[in-house]
Q: 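I am attaching a structure below and will ask some questions about it afterwards.
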Amino acid sequence: MAGSPNSNLRGFNHAVQTLLKQPSQFLPHLTIPTFTHLPENLGPHLVNTSRPSQTSEKHQRIPTIRALVLDKDNTLCPPKTTTFPPQILTKLSELRKSPTSPFNQLKNPHAILIVSNRAGSHPNYDAEVESLESQLAHLQIPVFRLAAGTEKKPFCGDQVVQWFREREVISSPNEIAVVGDRLGTDVIMAGLMGSWSVWCKEGVYEVGEEGKADRNILEKMEVWIEKYLRERRGLKAPVPTGWE
C-alpha cells in the first residue's frame, strides 16, 4: 500500500469541503458520551434525534439496525493502543451475548466490525490487528482490512457495506450504524455510506474519569463546530439517502 500509513490529507480536505458545502453532513444522528452508553435498540434514538417531531406515518418509521461499524482509537481503546478499558469490554460482551441484542453473536455472528484508520489500514499495523482480534476472539469481532490501494475513512464506506452484504447481515446501508469519536471521519463516512451515525463525544473515557486525556486541536474544533451548527444554525443530521 503506497504512501505514509498515517497520511489522511484527503480525508481532512473532504471534511473541510463538507463543512463549506453540506454542513449538516457533519452532524451525528445520535450523540452519546462514550461507547458504554450505546443503546442496544438503536433505531428509535436515531430517528428522534435526527428530525423534528412529525405526525405523519412516513416520519414515524424506525430504523432497523443490524450491523455496527466501530472505530478503535478513542472509541474502544485509548489512541494508538490496543488496550480495552474494562467497561468497554463489558459493553461489547453485552452487545454480543444479550438474548435481546440485534448484535447477538449466535443470531447475527457478523454484526460488528472494527474499522480503524490504524489497525487494518496498513501492514505497519498488523500487530494491532492481531492484538485486537485475539482479545475479541470470544466475541467474534474482527478488524476490517483495507485492500491495497483502498483509501482510509471516510472513503472506504463502499467496501465496508460490501463486507456486510457478502455475509448477508444487511440488505441496505441504512441498516448500519457507524460509531466513533470523530465527526470528520466516522460521521462523514456514515453519510457517504447511506448509514446512521453515532458520535462518542467524550471518546473512550467519561468526563473526570482516570486516564482521560485533553482533546487535541482538531477534536476541540469538532466539538465547537458541532455545537455551532446545531445550536446557532439550527441544523440537524440528514437521514440516510434512500431512507425516505
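Just so it is clear, the model here is predicted, and its values are computed rather than measured.
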Q: Check Thr82 against Ser131 and note the closest heavy-atom contact, atom names and distance.
A: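 Reported closest heavy-atom pair: OG1-OG, 2.9 Å.
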
Q: Are there more than 12 heavy atoms of other residues, nucleotides or ligands under 6.0 Å from atom CD of Glu210?
A: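 Count not over threshold, so no.
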
Q: Out of curiosity, Asn104 CG to Leu95 CG, how far, rounded to the nearest 0.5 Å?
A: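 Between atom CG of Asn104 and atom CG of Leu95 there are 10.0 Å.
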
Q: Can you list everything that forms a side chain to side chain donor-acceptor pair (under 3.5 Å) with Glu175? Sequence neighbours excluded, please.
A: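 Checked Glu175 against side chain to side chain donor-acceptor pair (under 3.5 Å); matches are Arg66, Ser171.
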
Q: Hey, mind stepping through Val204 and Ile88 against side chain to side chain contact (heavy atoms under 4.5 Å, CB included) and telling me if it holds?
A: CA-CA 8 Å; Val204 73; Ile88 298 293; 4.1 Å; yes

Q: Who are the side chain to side chain donor-acceptor pair (under 3.5 Å) partners of Lys212, not counting sequence neighbours?
A: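 With neighbours one apart ignored, the set is Glu202.
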
Q: Checking side-chain polar atoms at under 3.5 Å, does Gln159 have a donor or acceptor matched by the opposite partner on Glu151?
A: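 No, Glu151 and Gln159 have no side-chain donor paired with an acceptor closer than 3.5 Å.
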
Q: For Thr90 and Glu94, does a side-chain donor sit closer than 3.5 Å to a side-chain acceptor?
A: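 Note: Thr90 and Glu94 side chains miss the donor-acceptor criterion.
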
Q: Using a 3.5 Å distance criterion without hydrogens, assess whether the side chain of Gln105 forms a donor-acceptor pair with backbone atoms of Ile141.
A: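 Between the backbone of Ile141 and the side chain of Gln105 there is no qualifying donor-acceptor contact (under 3.5 Å).
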
Q: Is it the case that Arg10 places NZ or CZ above or below the six-membered ring of Phe155, under 6.0 angstrom from the centre and within 45 degrees of the axis?
A: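 Yes, cation above the ring, under 6.0 Å and within 45°.
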
Q: Taking Asp73 first and then Lys80, would you say they form a salt bridge - that is, a charged N and a carboxylate O separated by under 4.0 Å?
A: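 Salt bridge between Asp73 and Lys80, a charged N being under 4.0 Å from a carboxylate O: no.
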
Q: Can you name the side chain to side chain contact (heavy atoms under 4.5 Å, CB included) partners of Ser98, sequence neighbours left out?
A: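 Expected list: Glu40, Thr100, Ser101.
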
Q: If the condition is side chain to side chain donor-acceptor pair (under 3.5 Å), which residues does His37 pass it with, not counting sequence neighbours?
A: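 If we apply the side chain to side chain donor-acceptor pair (under 3.5 Å) test to His37, skipping adjacent residues, the hits are Glu206.
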
Q: Does the structure place the NZ or CZ of Arg165 under 6.0 Å from the centre of the six-membered ring of Trp163, at an angle of no more than 45° from the ring's axis?
A: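 No; the conditions do not both hold, so Arg165 does not lie above the ring face of Trp163.
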
Q: Out of curiosity, Phe84 CZ to Phe35 CZ, how far, rounded to the nearest 0.5 Å?
A: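 Phe84 CZ to Phe35 CZ: 9.5 Å, rounded to 0.5 Å.
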
Q: Looking only at non-hydrogen atoms, find the nearest pair between Leu27 and Leu235 and report the distance.
A: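 That would be CD1-O, 3.5 Å.
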
Q: Aromatic rings Trp224 and Tyr228: how do their planes relate, parallel, tilted or perpendicular, breaks at 30° and 60°?
A: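 The rings of Trp224 and Tyr228 lie parallel, inter-plane angle below 30°.
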
Q: Under the rule for side chain to side chain donor-acceptor pair (under 3.5 Å), what residues qualify as partners of Arg230, not counting sequence neighbours?
A: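 In terms of side chain to side chain donor-acceptor pair (under 3.5 Å), with neighbours along the sequence ignored, Arg230 is linked to Glu226.
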
Q: Take atom CD of Glu166 as the centre, draw a 6.0 Å sphere, and report whether it contains more than 12 heavy atoms from other residues, nucleotides or ligands.
A: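 Atom CD in Glu166 is crowded, with more than 12 foreign heavy atoms closer than 6.0 Å.
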
Q: Going by the rule salt bridge (Lys or Arg N to Asp or Glu O under 4.0 Å), which residues pair with Glu128 if we only count those two or more places apart in sequence or in a different chain?
A: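 Glu128 satisfies salt bridge (Lys or Arg N to Asp or Glu O under 4.0 Å) with Lys72, Arg118 once adjacent residues are dropped.
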
Q: Can you name the nearest heavy-atom pair linking Pro240 to Gly194, along with the distance?
A: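 The pair with the smallest heavy-atom distance is CB-O, 3.1 Å.
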
Q: Given Leu70, which of Val115, Leu92, Thr75, Leu113 fulfils the side-chain contact (heavy atoms from CB on, under 4.5 Å) condition?
A: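 Testing each of Val115, Leu92, Thr75, Leu113 against Leu70, the sole residue satisfying side-chain contact (heavy atoms from CB on, under 4.5 Å) is Leu92.
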
